[in-house]
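Working notes for the structure below.
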Amino acid sequence: MNSENGQMYAMRHSLAHIMANAIQHIWPNVKLGVGPVVENGFYYDLDIGDQKLSEDDFDKIEAEMKRIIASDIPFERFVLPIDQAITWAQEAHQPYKEELLNDLKRAGTTVAKELDSEEFGMPSNGVKVSEASFYKNGDFTDLCRGPHVESTGKVGAFKLQRLSGAYWRGKETNPQMQRLYGVAFATEKELRQYLAMLEEAKKRDHRKLGQDLDLFIFSDLVGPGLPLWTPRGTTLRTQLDRFVQELRDEMGFEQVTIPHITKRDLYEKSGHWAKFKNELFKIKTREGHEYAMKPMNCPHHAQIYDSRPRSYRELPIRYRDTTMVYRDEQSGELGGLSRVLSITQDDAHIFCRLPQAKTEALRLWDIIEQFYSTIGIKLKLRLSLHDPKNQNAYAGTEEQWAEVENGLRDIAHGRVGDDFTEAVGDAAFYGPKLDFLGLDALGREHQVATVQMDFGQPEGFDLTCTNEDGADERIVMVHCAVMGSLERFLSIYIEHTAGRFPVWNAPEQIRVLSVNQEQTTIDFVDSIVGRGKQLGLRVAADHNNESVGKKIRSAELWKVPYTLVIGQKEIETGEVVPRIRKDMVVSEQAQSHTVDEFLKTVQHEAKSRVSKTSL
RNA sequence: GCCACCUUAGCUCAGUUGGUAGAGCAGCGCAUUCGUAACGCGCAGGUCGCCGGUUCGAUCCCGGCAGGUGGCUCCA
């Protein structure tokens, strides 16, 4: 943490205290939970009995906070022996603080996770604590590790932001508290910039754009978390998926097709039944057999591999399959396309010998990089490794893990030097992963593509090949998703592009509009549309009896890359001057072309998947 | 699932301190035949999310349900 970050931390943390102080002034019986610093701000967990806070209270609370800030009272630190600290909490009627202090005294920590592991007999790293520090500003005192700013006047710019419920210490069985969030920055300017970024994000919200651009809908009758894709949205999906397919086919993948349900037996054998039982949609047949909607595709694909004896000579075998899986998520977790019940995966599985896995992973990385550089999302690599302290939670042997993890690390070093992070404990239970994080146009990070090594299912399904010695040899599976969930990916991509899709995947590439309703004009427009379609372009006519200005506006709102305006002039010369969507970098297309030249140029632009949009 | 808030026309939103509602855009019709971001006039469109309760009367008050939004990982 550099000193600037340290200062910001102290400001935000001090604001949490000031907010709690203000609330205590307004509702004196408030019981305080914890009030930490979070990304871009802070929160405080509060228990105000039956008093329900609402956003209408924000002005009142902010005003009181500003009063405390204006008084510029110093933050003073003092230390009490732990037992006196507990007495303080009792006298101040702060039961949550008392609980924290008792944990401190007993286990040396207040972190719930560490306390949990202690319950399971694991050693807690904390030494027992004999004293606790407090911070006091004016009439407000709080148990606190600090640090704080010198005085309440030095906290920068803040704004209360939202309100939510949160369980005391994150446990469902504990009382529910009200969590009040604020954002805070060192200066008004930074605060304004941050709020402006949120505004921009709101404008780009994929749920709004999905509605405005007619990409997908939800139906109350079909149910939450089950998006229905319109023709436009389907075109977008199809174009993106086709690109991934092309890249994979160059690498030797073959398409397979599988049913969306399976007998329970498949997942009992794969081990998924025990682990994912609650997330499975289950079906009972009229004869009483238990089936499930597939929550993943690997076990199905493994059956195709295992349908006949395999020679080492035919390996690697590579299957690809873009298909929906279904997961029974908690209703409150659903939101837009980011979290859905019907998930389309651009799934792929490679069945290969252990020594081949490294080369396969490298080639998958090529595909991922090509895809993401084309759509303009920068990638960062995270190597997700197992936690050796917990070896028995994983499939496979320690030697296998070591070999494959080292292999992946070599690949990473060879390709990006030290420009990647390692995350111990982030591996899947069946193997380590190369996870890719994408940076979108607003600077937000999302987990996108993944390459996963798998020792678990080859073991579970007893997948082998016959090797040079005529013996059965255990194989390895490599999972790879480029977009991962198409729904989640599209939520990111729609916001990344703000719906201004490049020509190659734009649902509508060219709109041709007529200046008047005369038959010759309409015929000419229709002939352009016809020729465009013959070239495989997505062209639409706008023959509405409206002004040219209005039709231009409409094309602009639909974010169509190219618009042709057709009137007497174009009919006579046979040439057009395309109107280009504002965000696109102006190019040779802006000049006059014959219609066919123009269509050919756009066809080329689409085929080569160049992006002229500036995001 | 849990907590808070929200749900009025296809969309965005107004409104009724309880007497069953309005605008803009979109749609349709008429007029217009238009040259690069909104021409004009008109029509139609709603069991005010659903079910129940209170009331002479409920879109409004109460309860339940459904759907949506923000959270529920960040730890003195």
Side-chain angles (χ1 to χ4, degrees), chain A residues 13 16-17 32-45 52-56 82 85 89 94 96-105 108-115 129 131-135 142-146 161-181 202 205 207-208 211-212 214 217-225 278 328-336 513-519 521-522 544-558 563-570 577-582:
Chain A
H13 196 44
H17 279 221
L32 301 174
V34 294
V37 171
V38 294
E39 202 180 351
N40 301 318
F42 58 92
Y43 69 78
Y44 220 112
D45 280 347
K52 296 284 178 229
L53 293 179
S54 83
E55 303 206 349
D56 300 335
I82 194 79
Q94 292 296 346
Y96 300 104
K97 298 291 181 191
E98 189 185 337
E99 185 182 326
L100 292 173
L101 283 162
N102 278 319
D103 287 338
L104 265 185
K105 181 182 176 183
T109 180
T110 58
V111 179
K113 232 189 282 173
E114 292 173 26
L115 291 166
V129 169
E131 53 187 31
S133 62
F134 288 79
Y135 278 82
D142 196 6
L143 171 68
C144 181
R145 187 161 45 195
Q161 209 186 16
R162 55 176 176 253
L163 197 56
S164 75
Y167 297 107
W168 169 239
R169 313 188 99 173
K171 267 196 192 164
E172 280 182 47
T173 47
N174 282 344
Q176 180 118 23
M177 310 188 73
Q178 302 187 69
R179 179 170 294 180
L180 185 53
Y181 286 88
K202 212 170 170 183
D205 190 317
R207 291 167 296 201
K208 178 175 155 39
Q211 160 106 266
D212 293 351
D214 193 23
I217 60 137
F218 288 91
S219 154
D220 283 359
L221 293 176
V222 174
N278 293 332
D328 189 3
E329 307 280 0
Q330 295 191 102
S331 58
E333 302 276 1
L334 303 174
L513 42 97
S514 47
V515 165
N516 56 44
Q517 305 296 106
E518 281 162 28
Q519 198 54 47
T521 317
I522 289 178
N544 281 316
N545 184 6
E546 298 287 354
S547 70
V548 173
K550 185 158 181 178
K551 293 206 261 191
I552 295 269
R553 180 177 146 83
S554 165
E556 203 66 65
L557 291 174
W558 283 97
T563 305
L564 299 180
V565 179
I566 301 301
Q568 200 51 42
K569 199 171 70 196
E570 286 74 19
V577 182
R579 195 189 153 90
I580 300 173
R581 198 178 55 197
K582 272 193 315 227

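Chain letters run A, B, ... following the sequence lines, proteins first, then strands; residues in each count from 1.
The distance from atom NE2 of A/His17 to atom OH of A/Tyr135, rounded to the nearest 0.5 Å, is 9.0 Å. Interatomic distance, CG of A/Asp328 versus CG of A/Asn278, reported as 8.5 Å (0.5 Å rounding). Residue A/Arg553 holds its CZ atom at 13.0 Å from CH2 of A/Trp558, rounded to the nearest 0.5 Å. Considering NZ of A/Lys550 and CG of A/Asn545, their distance stands at 10.5 Å, rounded to 0.5 Å.
Taking the P atoms as reference points, B/C48 lies 30 Å from B/C41, given to the whole Å. To the nearest whole angstrom, the two C1' atoms, one in B/G27 and one in B/A9, are 11 Å apart. Spacing of P atoms, B/A14 relative to B/G49, comes out at 14 Å, to the nearest Å. Using P as the reference atom, B/U54 and B/G63 are 15 Å apart when rounded to the nearest Å. When the C1' atom is used for both B/G35 and B/U20, the distance is 49 Å, rounded to whole Å. Comparing B/U33 with B/G70, their P atoms are spaced 50 Å from each other, to the whole Å. B/A4 sits 15 Å from B/C62 when the P atoms are compared, rounded to a whole Å. Taking atom C1' in both B/G57 and B/G18, one finds a spacing of 8 Å when rounded to whole Å.
With 3.5 Å as the limit, one finds no donor-acceptor pair spanning the side chains of A/Asp45 and A/Tyr167. A donor atom on one side chain and an acceptor atom on the other are found under 3.5 Å apart for A/Glu99 and A/Trp168.
Side-chain N/O atoms of A/Arg162 include none lying less than 4.0 angstrom from OP1 or OP2 on B/C72. A/Tyr181 has a side-chain polar atom (N or O) that falls below the 4.0 Å cut-off from OP1 or OP2 of B/C72.
Looking at the side chain of A/Ala166, the nearest of the listed nucleotides B/C72, B/G68, B/C75 is B/C72.
Whole-Å rounding puts the A/Asp45 CG to B/C3 C1' distance at 12 Å. Across the protein-nucleic acid pair, A/Leu334 atom CG and B/U69 atom C1' stand 13 Å apart, rounded to whole Å. Remark: P of B/U69 and NZ of A/Lys202 are 13 Å apart, rounded to the nearest angstrom. Separating the CG atom of A/Leu32 from the C1' atom of B/C75 is a distance of 14 Å, rounded to the nearest angstrom. A/Gln519 has its CD atom 13 Å from the C1' atom of B/U33, to the nearest Å. The distance from atom CH2 of A/Trp168 to atom P of B/U73 is 14 Å, rounded to the nearest whole Å. Rounded to whole angstrom, the span from the CD atom of A/Gln330 across to the P atom of B/G68 amounts to 15 Å. One interatomic measurement links the two molecules: CD of A/Gln211 to C1' of B/C11, which rounds to 6 Å at whole-angstrom precision.
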- prompt: Should A/Cys144 and A/His13 be marked as a side chain to side chain contact (heavy atoms under 4.5 Å, CB included) after you check the CA-CA gap, both sets of side-chain angles, and the distance that decides it?
  reply: CA-CA 10 Å; A/Cys144 181; A/His13 196 44; 3.1 Å; yes

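Under the 4.5 Å side-chain criterion, counting only non-hydrogen atoms from C-beta, A/Leu564 is not in contact with A/Glu570.
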message: I need a per-nucleotide contact map over nucleotides 35-41 of chain B, read 5' to 3'. Cutoff is protein heavy atoms under 4.0 Å; write B for the base, S for backbone only, - otherwise.
response: BBBBS--

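Here A/Gly336 lies in heavy-atom contact (under 4.0 Å) with sugar-phosphate atoms only. Note on A/Arg179: only backbone sugar-phosphate atoms sit closer than 4.0 angstrom, heavy atoms only; bases stay farther off.
Atom CD of A/Glu39 sits in a sparse spot, with 12 or fewer heavy atoms from other residues, nucleotides or ligands closer than 6.0 Å.
The strand RNA chain B forms stems, runs of 3 or more Watson-Crick or G-U wobble pairs with distances below 3.5 Å, at B:1-7 with B:66-72, B:10-13 with B:22-25, B:27-30 with B:40-43, B:49-53 with B:61-65.
A salt bridge between A/Asp103 and A/Arg169 is present, with a side-chain N of the basic residue lying under 4.0 Å from a carboxylate O of the acidic one. Ion pairing between a basic and an acidic side chain is recognised when a charged N comes within 4.0 Å of a carboxylate O; A/Glu556 and A/Lys582 show no such pairing.
Residue order along RNA chain B, read from the 5' end via each residue's closest nucleotide, puts A/Tyr167 first among A/Tyr167 and A/Gln517.
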